[in-house]
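Below is one structure, written out as structure tokens; the observations come after it.
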Amino acid sequence: MSEIQWRKASYSEQNEGNCVELAHAPDASILLRESDEPHTVITTTPTTLRALTRAVKAGRFDHLPH
């Protein structure tokens with residue numbers, strides 16, 4: 001089995017912050033993790049990740065409390 005190649009946003013690397021990292025799993029699913037919690041991994045599908053990305057860009061989560 002090949003090693004998973006995690007990718008971090010270039011914006012995060014420029015600002016040296018922790019961020020979400022993504023990787024392709026061998027079964028075509030998408031893996032997500034936070035760079036400061038690398039052992040906690042969430043598995044999703046490309047379709048679900050696209051829907052989440054669209055919702056975030058549309059501001060659908062902006063009203064949530066911090």
Side-chain angles (χ1 to χ4, degrees):
M1 182 174 173
S2 64
E3 183 177 328
I4 294 174
Q5 299 294 314
W6 292 96
R7 296 192 61 191
K8 186 187 294 190
S10 59
Y11 177 82
S12 177
E13 291 172 2
Q14 293 170 359
N15 293 299
E16 298 181 21
N18 294 324
C19 72
V20 174
E21 298 175 322
L22 299 168
H24 288 280
D27 67 355
S29 62
I30 303 293
L31 305 176
L32 293 96
R33 70 179 185 183
E34 282 207 43
S35 59
D36 62 340
E37 287 287 333
H39 299 294
T40 303
V41 178
I42 297 170
T43 303
T44 190
T45 65
T47 302
T48 302
L49 181 57
R50 278 191 296 274
L52 174 64
T53 303
R54 280 193 298 268
V56 169
K57 287 180 179 181
R60 294 190 182 135
F61 303 105
D62 292 353
H63 67 281
L64 296 176
H66 295 279

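Just so we're clear, the structure is a prediction, and the values are computed from it rather than from any experiment. If you read the sequence from its start, that first residue is 1, and numbering goes on from there.
- Put simply, the side chain of Ser35 reaches to within 4.5 Å of the side chain of Lys8, judged on heavy atoms.
- The two residues Glu37 and Arg33 make their nearest non-hydrogen contact at O-CB, 4.4 Å.
- Taken from CD in Glu21 to CZ in Arg7, the straight-line distance is 11.5 Å, to the nearest 0.5 Å.
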Identify every side-chain donor-acceptor pair in residues 41-54 under 3.5 Å, counting partners at least two apart or on other chains, and give the distances.
| from | atom 1 | to | atom 2 | distance (Å) |
| --- | --- | --- | --- | --- |
| Thr45 | OG1 | Thr48 | N | 3.1 |
| Thr45 | OG1 | Thr48 | OG1 | 2.9 |
| Thr47 | OG1 | Arg50 | NH2 | 3.4 |
| Thr53 | OG1 | Leu49 | O | 2.9 |

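- Legend: residues meeting side-chain hydrogen bond (donor to acceptor under 3.5 Å, both in side chains) with Asp27, ordered by chain and number and at least two apart, are Ser29.
- With contacts defined as side-chain heavy-atom distances shorter than 4.5 Å, the pair Leu22/Trp6 does not qualify.
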Stepwise side chain to side chain contact (heavy atoms under 4.5 Å, CB included) test for His24 and Ile30: CA-CA 5 Å; His24 288 280; Ile30 303 293; 3.7 Å; yes
